[in-house]
Amino acid sequence: MSAPTPPADTRCSKRRVLTVENLCVDTANFRLLDGVTFSIDGDERVGLIGESGSGKSVTSLAIIGLLAENLSASGRVVLNDVDLMALREKQLAAHRGKDVAMVFQEPMTALNPSMKIGRQIAETMLIHDTQPSKKTAMREAVKLLEQVGLPDPEQSAEKYPHQLSGGQRQRVVIAIALANDPSLLICDEPTTALDVTVQAQVLDLIREEADLHDSALLFITHDLAVVAMMCHRVLVMYGGCVVEAGTVHEVFESPRHPYTAGLLASSDLDEVDEEGNLQAIPGSVPPAGRFPDGCVFRNRCPNATDECTVVPPWTTRDGQPVDAVSGNSGYACYHPIEMPR
Ligand SMILES: Nc1ncnc2c1ncn2[C@@H]1O[C@H](COP(=O)(O)OP(=O)(O)OP(=O)(O)O)[C@@H](O)[C@H]1O
Ligand SMILES: [Mg+2]
């Protein structure tokens, strides 16, 4: 067995920005998220990956307190020492867009179609009192448009969203998200609605801007290559649980959870069967509320045994059981993939 890898949360780091502890989300009838636990430091970019329906967006919406009305959350979400789950909606709204900001998949849904984009950026600053006057806010808005690469920023500020391309609109959304230098930027599939050529530019922009504005990043995507390019650490999610976590290098080079190994194999163009099909994980993600008891992955897992009917404990990456879950490093599985020697 190789030398134990130090847990990611002992990295030399600036400050803890986000702590998520035992986050659970329920409908009236079943559980959607079960015990999600992780943290992010100020200098980190963390990827959240998993197949469609694994609970990535529900996690991000629970963090910023924007869950649908039929859902309820429990656990702890602490942003810069503030326990967000203990706040009322009005108090929470004061943090949203200021200390934590989000970029969603479809830029048009985040923009007001009837307001010029310069003003939309300025309003974000004025609402949170981070600029003293309309005039300074407008000046900052133009600067931000320049930073995110819009051509002729002063003229662009006078345009409406429909006068911009999809890529330009997403640049504006990024400018709005970063206008108040949030401690945490959450991006949920921010480039899937964009042309392939524009995607790479927008990803570069998010990475550069998060660094420039000193914002930690939680980056949600299906695309493992994007996580490898964007992130320091990665959380692998399935069935509303984080099943594996570690640095991008650890998880991608030596996955321990069979689900992670399946995800990696199904995205690896070298791993094709005789018919030339990508190796996929057998079966599909069950609908919410239909995951098996015990290990949520056991009905699709090649390694599953009777033991897996009991929830597997969180284990360090080198296989030592731990008392407390650290969603930052480790995995939850009785029959992990062997580490390479
Ligand atoms: N308001 C809701 N009520 C009931 N179930 C919901 C609700 N919102 C989400 N779900 C279910 O929760 C599960 C996780 O959804 P979520 O949107 O987090 O998945 P995801 O990992 O973001 O997937 P994708 O990659 O497709 O965006 C899905 O089965 C979804 O149908
Ligand atoms: Mg989603």
Side-chain angles (χ1 to χ4, degrees), residues 18 20 22-38 40 46-75 77 85 89 100-110 170 173 177 184-194 199 202-203 206 217-228 230-231 233-245 251 257 259-260 262-264 266-267 278 280-281 283-293 295-300 327 332:
L18 178 74
V20 176
N22 199 22
L23 178 63
C24 298
V25 171
D26 294 279
T27 69
N29 304 312
F30 49 80
R31 181 149 276 194
L32 289 184
L33 285 195
D34 196 4
V36 172
T37 297
F38 64 93
I40 306 183
V46 175
L48 182 55
I49 58 173
E51 285 166 287
S52 189
S54 54
K56 305 180 298 293
S57 296
V58 170
T59 302
S60 65
L61 294 171
I63 291 171
I64 57 169
L66 284 181
L67 283 172
E69 281 189 1
N70 67 324
L71 303 179
S72 61
S74 64
V77 173
M85 300 227 332
E89 173 50 34
V100 54
M102 268 203 79
V103 175
F104 294 97
Q105 181 173 337
E106 181 38 72
M108 219 38 193
T109 56
Q170 198 60 308
V173 173
L184 177 67
L185 176 66
I186 303 178
C187 296
D188 190 349
E189 303 273 7
T191 57
T192 17
L194 305 177
Q199 282 183 10
V202 171
L203 290 173
I206 291 172
L217 183 66
L218 177 62
F219 194 92
I220 298 173
T221 178
H222 291 99
D223 192 330
L224 307 194
V226 168
V227 168
M230 298 286 289
C231 300
R233 283 200 287 120
V234 61
L235 311 165
V236 183
M237 214 168 173
Y238 183 77
C241 305
V242 174
V243 295
E244 176 158 10
V251 173
H257 200 289
Y259 178 63
T260 313
L263 264 190
L264 287 164
S266 56
S267 67
L278 289 178
I281 302 167
S284 52
V285 183
R290 295 282 190 78
F291 286 88
D293 294 337
C295 173
V296 279
F297 186 55
R298 73 184 164 89
N299 59 346
R300 298 174 71 194

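These numbers come from the heavy atoms of this one structure, side chains and all, not from hydrogens, waters or symmetry mates. For ligands, and for the atoms within them, numbers begin at 1 and follow the listed sequence.
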Tell me, do T27 and L71 make a side-chain contact under 4.5 Å, heavy atoms counted? yes
May I ask you to test the T191-Q170 pair for a side-chain heavy-atom distance under 4.5 Å? no
State, with a plain yes or no, whether a side-chain heavy atom of V226 is found less than 4.5 Å away from one of F219. yes
Can you list the atoms of ligand 1 that are under 4.0 Å from a heavy atom of A68? 1 (N)
Shortest protein heavy-atom distance from atom 1 (N) of ligand 1, along with the residue and atom involved: N70 OD1, 3.0 Å
Looking only at protein heavy atoms, what sits closest to atom 15 (O) of ligand 1 is V58 CG2, 3.8 Å
Mind checking whether P287 has a heavy atom under 4.0 Å from ligand 1? no
Let me confirm one number: the CG-OG1 distance from L203 to T221, rounded to the nearest 0.5 Å. 8.0 Å
With heavy atoms of H222 as the reference, note each atom of ligand 1 found under 4.0 Å away. 25 (O)
Does L217 reach the side chain of M230, with side-chain heavy atoms less than 4.5 Å apart? yes
What atoms of ligand 1 come closer than 4.0 angstrom to any heavy atom of T27? 4 (C)
Interatomic distance, S60 atom OG to I186 atom CD1 [nearest 0.5 angstrom]: 6.0 Å
Specify the protein heavy atom at minimum distance from atom 26 (O) of ligand 1: its residue, its atom name, and the distance to 0.1 Å. S52 OG, 2.4 Å
Protein-derived N, O or S atoms lying under 2.8 Å from the Mg ion (ligand 2), waters excluded: 1
If you round to the nearest 0.5 Å, how far is NE2 of H222 from CG of L263? 9.5 Å
Heavy-atom protein contact below 4.0 Å for atom 3 (N) of ligand 1: yes
Minimum side-chain heavy-atom gap V296-D34 below 4.5 Å: no
Close side-chain approach of F297 to I281, heavy-atom, < 4.5 Å: yes
Would you mind telling me if ligand 1 is within reach of the side chain of L67, the backbone, both or neither, using heavy atoms under 4.0 Å? neither
Among all protein heavy atoms in this structure, tell me which lies nearest to atom 30 (C) of ligand 1, with the distance rounded to 0.1 Å. A288 CB, 4.7 Å
What do you think, any protein heavy atom under 4.0 angstrom from atom 9 (C) of ligand 1? yes
Any sub-3.5 Å donor-acceptor pair from E244's side-chain atoms to H257's backbone N or O? yes
Quick one: nearest non-hydrogen protein atom to atom 23 (O) of ligand 1, plus distance? G53 N, 2.9 Å
What distance do C241 atom SG and R31 atom CZ have between them, rounded to the nearest 0.5 Å? 9.5 Å
Does L18 form a side chain to side chain contact (heavy atoms under 4.5 Å, CB included) with F38? I'd like the steps, not just the answer. CA-CA 8 Å; L18 178 74; F38 64 93; 3.9 Å; yes
With side chains defined as the heavy atoms from C-beta onward, is the minimum distance between C231 and V46 less than 4.5 Å? no
Is G50 close to ligand 1, meaning an N/O of one under 3.5 Å from an N/O of the other? no
If you have a sec, work out which protein heavy atom is nearest atom 27 (O) of ligand 1 and how many Å separate them, to one decimal? S57 OG, 3.9 Å
Can you give each donor-acceptor pair under 3.5 Å made by side-chain atoms of residues 283-293, sequence neighbours left out, with the distance rounded to 0.1 Å?
none

Contact atoms of ligand 1, heavy-atom distance to S54 under 4.0 Å: 19 (O), 21 (O)
Closest protein heavy atom to atom 5 (N) of ligand 1, given as residue, atom name and distance to 0.1 Å: L32 CD1, 3.8 Å
